[in-house]
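The structure under discussion appears below in the form of structure tokens.
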Amino acid sequence: MGNKSRNSFLIQGSILAFAGILVRVIGLLYRIPLNRILGDVGLGYYGTAFDFYNILILLSSQSMPLAVSKIVSEKLQRRQFRNAHKVFKGALMYGALIGTAFGLFLFFGADWIASTIYKMPPVAIALRVLAPTLTIACILGVVRGYFQGMGNMVPTAVSQVFEQIVNAFVSILAAYELGVYGYTLSKVAAKSEELKDAYAAAGGTLGTLSGALVALLFMFFIVWINKDIIRKRVERDRTGLEDSYGKITKIILFTITPVLLSTTIYNIGNLLDNPIYQNIMVGIFGSGEKANSASWGMYSGYYRTLTTMPIAIASSLSTAIVPSLVRSYITNDGPVVKSKITLAQKFSMLIAFPCGMGLSVLGGPINALLFGTEIKDTVLIMSFSVFTVVAFSLSTISNAILQGINKLNIPIRNSAISLAVHLILLPILLIVFKLGIYAVVIGDFTFAMTVAVLNSFSIKRCLGYRQEIHFTLIRPFICSVIMGICCFGVYKLGMIILNVNAVWTIISIIIAVIVYGIVLIFTKTITEEELYSMPKGASLAGILKKFHLL
């Protein structure tokens with residue numbers, strides 16, 4: 001019972017991770033027709049609009065679910081049910097206010113942002129479409145954080161799937177229809193196809209707005225059907241403690257602010273890469289707007305789209321581990337805290353290494369399968385995948401660990417140091433070494449790895465926790481190398497026999513999964529106890545025992 005309770009965050013994290021994978025798969029599937037509708041230039045406009053939108057999401061709502069879940073889980077652990085619900089109501093008001101302010105800024109500042117920061121005036125149309133999404137996202141983050149704080153990741157998981165389905169459908173339809181409209185305007189205005197690309201990109205962003213709205217309506221529906229349960233829980237509060245909304249607001253601000261700063265600094269390096277890249281390429285090397293947009297579209301549309309899928313698993317575990325760590329840390333249960341840290345890191349690496357390795361060795365074939373063409377430059381970029389996926393997974397988990405043990409300021413410091421290194425390194429790679437878009441890829445990895453290393457030292461200093469290396473890093477890496485060699489060999493041999501990329505890419509991926517699983521078991525990289533900690537792990541352990549593999 002103790003182990004089950006101790007590892008319940010892994011079950012909840014796995015639910016969220018499964019939803020995250022499903023969301024990414026849907027995202028990949030709809031990006032295939034969307035990328036073809038947008039084209040390289042439209043894709044560049046689309047990616048650029050999202051780059052700035054993501055900056056505002058960082059500043060307004062991305063830290064909201066984690067911060068709210070942390071406060072709510074702490075109140076619930078202390079059995080302050082009334083205060084937990086007041087945190088929810090106070091955070092809703094805060095989220096609505098912040099979201100509205102940011103939405104108005106984006107809507108009225110779209111022309112200046114597109115023309116001055118990115119040197120791409122057509123991006124303004126897509127930015128205006130995204131503006132209302134900021135308000136919705138802030139409120140949505142609060143509701144999701146409320147349920148996450150109660151240890152229930154299912155509403156968040158289901159809402160994410162609904163959000164992505166609506167996003168996919170609307171994005172494709174709107175991108176096509178608005179692209180046609182923009183093409184007509186282009187002919188009338190004699191502006192080549194500039195307006196076609198701009199309106200098509202705006203159509204793609206309309207899907208994001210629609211999906212977020214549906215997700216918010218779903219989450220409020222979940223609140224409504226749980227209203228009696230919530231009311232009864234509040235009535236069971238026997239602590240006699242009830243914080244004023246003034247105090248609740250202070251708690252929210254003092255929790256959200258450090259989490260916000262940490263999240264912003266951690267993610268803003270990637271978001272600043274685009275304007276840094278565009279301005280250096282235009283100002284120093286004189287590259288054209290369309291060429292730069294196409295290069296950035298290749299990076300954001302192919303490389304980043306694929307590498308964020310496995311990183312999403314680490315993000316899901318991070319979401320689940322924070323309220324779980326808060327509860328264990330409050331009760332001063334040091335061994336359980338360390339056990340959860342080890343389990344979360346190992347589970348993340350067991351996924352990150354093979355996914356990253358698979359993308360590195362089969363990046364070209366996978367892009368050809370999904371997007372219709374194997375672009376030489378994309379193949380080279382994809383070879384960096386294993387480094388990026390592992391580094392970001394480690395840094396994401398370690399940030400969550402520090403936040404879960406109430407060391408909110410340490411991730412800010414470590415991310416700030418790493419960002420400073422990144423902002424010095426990226427211009428050097430661009431100007432001195434002339435690496436072009438590859439400088440951005442290398443900068444991604446070095447930034448995340450610096451954060452991960454600094455966080456590891458901080459966790460050791462705060463908890464006396466020694467980073468487990470052999471079973472968390474070395475063995476998963478070796479197993480993924482064996483897997484990578486096998487699947488790459490199968491693909492190359494298969495293409496010699498029958499030159500059909502789709503067939504051998506799918507076969508190679510299936511063989512990679514089988515080989516990796518077998519190698520994990522035979523090398524005893526994963527234990528029987530760890531299997532039982534995972535969803536359906538007991539069933540898998542039973543099957544393995546029948547074949548004397550465990």
* Looking at Y245, is K86 sitting on its ring face, NZ or CZ under 6.0 Å from the six-membered ring centre and within 45 degrees of the normal? -> yes
Using every non-hydrogen atom in the two residues, find where [X] and [Y] come nearest and quote the distance to one decimal.
X: L127; Y: A49; result: CD2-O, 3.5 Å
X: C462; Y: I405; result: CB-CD1, 4.2 Å
X: T523; Y: C479; result: OG1-SG, 3.6 Å
X: C138; Y: G95; result: CB-O, 3.2 Å
X: V223; Y: I230; result: O-CD1, 4.4 Å
X: T308; Y: T305; result: OG1-O, 3.1 Å

Within a radius of less than 6.0 Å around [atom1] of [X], do more than 12 heavy atoms belonging to other residues, nucleotides or ligands occur?
X: R79; atom1: CZ; value: no
X: Y465; atom1: OH; value: yes
X: Y30; atom1: OH; value: yes

* To do: With salt bridge (charged side-chain N to carboxylate O under 4.0 Å, His left out) as the test, would you mind laying out the steps for R304 and D51 before giving the verdict?
  => CA-CA 12 Å; R304 194 190 292 175; D51 281 339; 3.2 Å; yes
Any side-chain heavy-atom pair from [X] and [Y] closer than 4.5 angstrom?
X: I417; Y: R413; value: yes
X: M309; Y: C355; value: no
X: L454; Y: I410; value: no
X: Q160; Y: M153; value: no
X: M219; Y: F147; value: yes
X: Q164; Y: L22; value: no
X: R475; Y: K524; value: yes

Selection [range] - residue pairs positive for salt bridge (Lys or Arg N to Asp or Glu O under 4.0 Å), sequence neighbours left out:
range: residues 305-319; answer: none
range: residues 460-474; answer: none
range: residues 99-108; answer: none

Flag, side chain of [X] to backbone of [Y], donor-acceptor distance under 3.5 Å:
X: N83; Y: D243; answer: yes
X: N54; Y: F50; answer: yes
X: S61; Y: M64; answer: no
X: T525; Y: I521; answer: no
X: S171; Y: A168; answer: no
X: T450; Y: T446; answer: yes
X: T135; Y: G99; answer: yes
X: S262; Y: P258; answer: no
X: S480; Y: F477; answer: yes
X: Y53; Y: A126; answer: no

Would [X] and [Y] count as having a side-chain donor-acceptor pair, cut-off 3.5 Å?
X: H422; Y: D273; answer: yes
X: K407; Y: S458; answer: no
X: T388; Y: Y303; answer: yes
X: S159; Y: R144; answer: yes
X: S395; Y: Y266; answer: yes
X: Y46; Y: S300; answer: no
X: K70; Y: T255; answer: no

* Asked: ring pair (Phe, Tyr, Trp, His ring centres under 6.0 Å) between F102 and F105: does it pass, once the steps are laid out?
  -> CA-CA 5 Å; F102 275 85; F105 166 74; 7.3 Å; no
Tell me every residue that passes side-chain hydrogen bond (donor to acceptor under 3.5 Å, both in side chains) with [X], counting only those two or more places apart in sequence or in another chain.
X: Y329; answer: none
X: T249; answer: none
X: W112; answer: T116

* Ring geometry between H85 and Y146 (parallel below 30°, tilted from 30 to 60°, perpendicular above 60°) -> tilted
* Look at the aromatic rings of F52 and Y118 and report parallel, tilted or perpendicular, splitting at 30° and 60°. => perpendicular
* I would like to know whether D237 and T239 meet side chain to side chain donor-acceptor pair (under 3.5 Å); could you show each step before the answer? => CA-CA 6 Å; D237 191 329; T239 61; 2.6 Å; yes
* To do: With side chain to side chain donor-acceptor pair (under 3.5 Å) as the test, would you mind laying out the steps for Q80 and E74 before giving the verdict?
  => CA-CA 9 Å; Q80 296 179 19; E74 183 175 342; over 6 Å; no
